[in-house]
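Contents: one structure, followed by commentary.
Throughout, a chain's letter reflects where its sequence line sits, starting with A, and its residues are numbered from 1.
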Protein chains: 2
Amino acid sequence: MTQQNRSLTLRDVSEASGVSEMTVSRVLRNRGDVSPATREKVLSAAKELGYVPNKIAGALASQRVNLVAVIIPSLSNMVFPEVLSGISQVLEDTELQPVVGVTDYLPEKEEKVLYEMLSWRPSGVIIAGLEHTEASRAMLNASGIPVVEIMDTDGEPVDAMVGISHRRAGREMAAAILKAGYKKIAFLGTKMPLDHRARKRFEGFTEVLAKSGVEVVDREFYSGGSALAKGREMTQAVLERSPDVDFIYYSNDMIGAGGLLYLLEKGIDVPGQIGLAGFNGVELLQGLPRQLATMDACRREIGIKAAEIIAARTEGKDKDTTVTLAPTISFGDTLRDA
Amino acid sequence: MTQQNRSLTLRDVSEASGVSEMTVSRVLRNRGDVSPATREKVLSAAKELGYVPNKIAGALASQRVNLVAVIIPSLSNMVFPEVLSGISQVLEDTELQPVVGVTDYLPEKEEKVLYEMLSWRPSGVIIAGLEHTEASRAMLNASGIPVVEIMDTDGEPVDAMVGISHRRAGREMAAAILKAGYKKIAFLGTKMPLDHRARKRFEGFTEVLAKSGVEVVDREFYSGGSALAKGREMTQAVLERSPDVDFIYYSNDMIGAGGLLYLLEKGIDVPGQIGLAGFNGVELLQGLPRQLATMDACRREIGIKAAEIIAARTEGKDKDTTVTLAPTISFGDTLRDA
DNA sequence: CATGGGAATGTTACCGCGATCATAAGCGCA
DNA sequence: TGCGCTTATGATCGCGGTAACATTCCCATG
C-alpha cells in the first residue's frame, strides 16, 4: 500500500509469511502441494504487502513466456481491431496474452517491430500478410515458435496461415458486377503499393473483367485524410472525368460509403444508373441510408482461428496449418442482384 | 537462418566470433569501448547466426524495462487509437515502447490488466480515466513508476494527469446551444454507467441548462451494435416521442452522424428546425453531407503530452504533473453560431 | 514397532544477460 | 627504459524467479 522504492520480491513475502521463497512461489502459481494453512498465510502476506510477481524473472527461470506477438499494419481502420478482438476472445481462455505491434504498412518497420517482439521470446506470432522482408522471414523461421500469417492466403506461409483469398474476392466481385450487367466499371482505391491485399483484390478483379473483354474505364487512388471524404471527392472526380461510368468498385467500405453519400445527394439512381461495391463488411455500413454492396472479410473469424492455432500448438497439439475462409458477397442495395 | 530448437544466446555469438560474451553484449548495445575490428566481427557473427537478444534476461540483469503500459477501455471507437498514435509518435524518439492493454470499460478487467502489466515491471503507466478500483490505485501507488491518467481532468490523479474537463465540455456545449436559441433539448448517449467521461459531460451539460431553467426534454441510451445505425434509430424514436424537440446532443460523433443522416433523409431542416451536436471531432465527420457540430477532445494531443511526461520522468527530469487541454467547439453546419 | 510412501516444504543450481571491477595492451613522455 | 594513463577486453556475480531434486514429517500397514 505504501510507496516503496525497491520493488518487492518473493523474499519479502517469504519473510513476511515465515516460509521459503519456493513455497511462496508455489502458492502464487497454484502449483504443487501446499497445505491450506500455509497457502492462507502466504496469500494474506502477499496481499498485505501488495506484492506483484516479477514475470521477467519468472519467464527467464521457467523459459516460458505467455505472450503472443500480434503484428498488424494499422489500428485506425476498423479491420484490425476486429481481428484483435477475435484473438483476445480466444486467448482469454488460455494463459496466453496478445501483445500488439503496428507496422504502418512499412516492411522495414515490420522488421523492426518483429525483432523487438521476438526479443521478448513470445510463445507465438500472429502476423498480417504473407509478404515480409527476407530478414523478417528468417527471424520467423529461426524463432522456433508457431507463426500464423493472417488475412491473406494467396501465397506461401512461413508456417501456418489463416485468411481469405483476396484475389478470389476480387474475382467474385467482378463476376457479380458483370452478371448484373454493368459495363463501364471504375476502381477507386488507396495509394498503397504495400497493401498487398488490396492489390490482389484488384488483380483478381481485372482478371475476370478481362476475360469478358471488359476493362476498368477509370481509376483513382488516394492516401491520407478522412476516407469518407476521400470517397466523396474521388467519386466526384471520376464522374466528371468519365460521366458514362455505371459501376464503381471501392477498395474499402469507408470510401465506398463516401461515394454512396455523394451519389445520393446528387440524386443519382443507385444502383440503377450507377452501382457500387466496397470491401470489408464494416459495421458502419448498417447506418447508411442505403446498404452498400460489400464482401465480408471474416475479420473476427480470422482472429479466432489464428489464436486457436497458436493456442493448440503451444499445448503441443498440432492444428491445421492453413485455414481459408470464404468471404460472402452481400449485395445490399447498391448492386443489382442479377 | 536454419530452424533451431534451443534459441541462441550471447554465448553462441561469443563462440562464433571468438570474443567474450561481455564484448558481444557491448557491441550489440553500442555501449563502452570496442575496437572497430571486433565490432565488425561480432556484428557479422550475430547476423550470420540470426541472433536476437533476449530482453527478458537483459531486463532482469539491468533492472530496466523499456516498456510503457498503456491501459485503455477500447480499441474499437476512433478515440483511443488516436491517443495511441500520439503516444507512439513521442515514444518513437526514445528507448521506450508502448504496450497496450484493453479493459472494455470494466473496472475488474482494468485491475487484472494492470496487475498483468505491472508484473512486467514497465517504466511507466498511461491509463485512461481517473476512476479505478481501490486495488488498482494501490498498485499504481506501490509501483513506484510514473503514472499518467489521461482523457479526463475532473478528479484527483494518482500521480500525473493529462486531458480535458468533460464537465466543462458539457457546459460549453450547453451554453452554445442555449445561446443559439434552442429550447427543447434531447440527449442521446451510451448505456454505460462506467463511461465516466460521458457521464461528466452530461452532468456539465444539464447543469448549465438548469441554470437557465431548461431541462432535457427527452433522452435515450443504447448499447452495442453499429453506432451509426443506433444514432439513426434513436433519433427516430425521439422524434416520434417528442416531435417538438429542437436540438439533439449526442454523446459521440458516430451516433450524431447517424442522426444527421436520418434527419437529412427526412427532409428536416438542420439546423433550422433541429440543431445537432456530437462529441470528439472524429475525422469521419468530414465526409458527411453536412458538418456536424462537435467538440474536439484533443485525443492525439493527450497522447503526446502523456508520453512526454513519461519520457521526461524516465530520464529523471521532472515534468508538469497536470495538463488540462482546452477542447474547442466547432459549430459546423448543425448548430447556429449565435 | 519398524517401514514404506506420499504430502509438505526446503535447497541448490541455474535461466541469459549486464553492472562492476579487474586485467591486459598500447602509447606518450620524461 | 619505465611510469602512468587511456582503451580494449575479460571474469565474476547477481537480478528474481523456477525446475528438479532433497528432506522432513506423518501416517497406514503388516
If you look only at distance, which donor and acceptor atoms sit under 3.5 Å apart when one is on a side chain in residues 125-135 of chain B and the other is two or more places apart or in another chain?
unit_1, atom_1, unit_2, atom_2, d
B:Glu131, OE2, B:Lys200, NZ, 2.9
B:His132, ND1, B:Glu110, OE1, 3.4
B:His132, ND1, B:Glu110, OE2, 2.7
B:His132, NE2, B:Gly129, O, 3.0
B:His132, NE2, B:Glu149, OE2, 2.8
B:Thr133, OG1, B:Glu111, OE1, 2.8
B:Thr133, OG1, B:Ser136, N, 3.0
B:Thr133, OG1, B:Ser136, OG, 2.8

> If the sugar-phosphate is the primed atoms plus P, OP1 and OP2 and the base is the rest, what is the B/S/- string for nucleotides 16-26 of chain D, using protein heavy atoms under 4.0 Å?
Replying inline: BBSBB------

> How long is the line joining CD of B:Glu15 and P of D:dG10, in whole Å?
Replying inline: 13 Å

With a cut-off of 3.5 Å and sequence neighbours excluded, list every side-chain donor-acceptor pair involving residues 80-89 of chain A.
unit_1, atom_1, unit_2, atom_2, d
A:Glu82, OE1, A:Arg299, NH2, 3.2
A:Ser85, OG, A:Arg300, NE, 3.0
A:Ser85, OG, A:Arg300, NH2, 2.9
A:Ser88, OG, A:Leu84, O, 2.9
A:Gln89, OE1, A:Arg300, NH1, 2.7
A:Gln89, OE1, A:Arg300, NH2, 3.2

> B:Arg39 has an atom CZ; how far is it from atom C1' of D:dT9, in whole Å?
Replying inline: 13 Å

>> Using a strict threshold of under 4.0 Å (side-chain N to carboxylate O), is an ion pair present between A:Arg313 and A:Asp159?
In response: yes

> So, is A:Ser20 close to the C:dT11 phosphate, meaning a side-chain N or O under 4.0 Å from OP1 or OP2?
Replying inline: no

> Can you tell me how far the OG atom of B:Ser143 sits from the CE atom of B:Met117, to the nearest 0.5 Å?
Replying inline: 13.5 Å

>> Just N and O in the side chain of A:Thr23: are any of them under 4.0 Å from OP1 or OP2 of C:dG10?
In response: yes

>> Side chains of B:Arg39 and B:Ser35 only: does a donor on one sit below 3.5 Å from an acceptor on the other?
In response: no

>> As a check on the pairing definition, encode DNA chain C in dot-bracket form, counting Watson-Crick and G-U wobble pairs whose two distances are under 3.5 Å, and using | for partners outside this strand.
In response: ||||||||||||||||||||||||||||||

>> Test: salt bridge (Lys or Arg N to Asp or Glu O under 4.0 Å). Region: residues 13-25 of chain A. Which pairs qualify, not counting sequence neighbours?
In response: A:Arg11-A:Glu15, A:Arg11-A:Glu21

> Residues two or more places apart in sequence or in another chain: which of them pass salt bridge (Lys or Arg N to Asp or Glu O under 4.0 Å) with A:Lys109?
Replying inline: A:Asp104, B:Glu92

>> Tell me whether B:Arg64 is salt-bridged to B:Glu95, with the criterion being a basic N under 4.0 Å from an acidic carboxylate O.
In response: no

